[in-house]
Amino acid sequence: MPNIALELGKQSAALGVKSAYGEQQDVDGIRLIPVALTWSGFGGGSDEAGNGGGGGGSYAIPVGAYIRRGDDLRFEPNIVALLAVAVPFVFIAGRALSRVIRALKK
């Protein structure tokens, strides 16, 4: 059995930018390139008897798109996705900051 960790590493390295940026779409003279926040994780293992296994997963959140109209290029965010990511992040960051401040006061 080949080294599963090396195989997973090779496959995930090939994803790279392709997982964060979608394929270019042309609609009525406007060029769109979708953008997503992505992450992935893989793992594997085996025992002394040669039994092994592995698995992995990934997640993507569409955050917006680059839009080109003629010479104008700009990024237009997906507000719903950004709020879905920002609200939990701000909540956890605020709680962590309050605990750090509380610990420093003692």
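By convention here, the first residue in the shown sequence is residue 1. Side chains are part of it too, since the values below use all heavy atoms of this structure and drop only hydrogens, waters and symmetry mates.
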Quick note, salt bridge (charged side-chain N to carboxylate O under 4.0 Å, His left out) partners involving residues 50-71, not counting sequence neighbours, are none
Under a side-chain separation threshold of 4.5 Å, the hydrophobic residues clustered together with F91 are I92
Sorted by chain and number, sequence neighbours left out, side chain to side chain contact (heavy atoms under 4.5 Å, CB included) with L83 holds for I79
Taken in chain and number order and not counting sequence neighbours, the residues that satisfy side chain to side chain contact (heavy atoms under 4.5 Å, CB included) with A81 are I61, N78
Taken in chain and number order and not counting sequence neighbours, the residues that satisfy ring pair (Phe, Tyr, Trp, His ring centres under 6.0 Å) with F89 are none
For a quick test of your reading: what N or O donor-acceptor pairs under 3.5 Å do the side chains of residues 97-106 make, sequence neighbours left out?
| unit_1 | atom_1 | unit_2 | atom_2 | d |
| --- | --- | --- | --- | --- |
| S98 | OG | G94 | O | 3.4 |
| S98 | OG | R95 | O | 2.8 |

By side-chain hydrogen bond (donor to acceptor under 3.5 Å, both in side chains), Q24 pairs with (sequence neighbours left out) none
For I67, the other hydrophobic cluster members (4.5 Å side-chain criterion, sorted by chain and number) are V27, I30, L32
The complete set of salt bridge (charged side-chain N to carboxylate O under 4.0 Å, His left out) pairs with one or both residues in residues 72-83, sequence neighbours excluded, reads R74-E76
Residue pairs meeting ring-ring contact (aromatic ring centres under 6.0 Å, His included), one or both in residues 53-74, sequence neighbours left out, come to W39-Y59, Y66-F75
In short, salt bridge (charged side-chain N to carboxylate O under 4.0 Å, His left out) pairs touching residues 22-47 with sequence neighbours left out are D26-R31
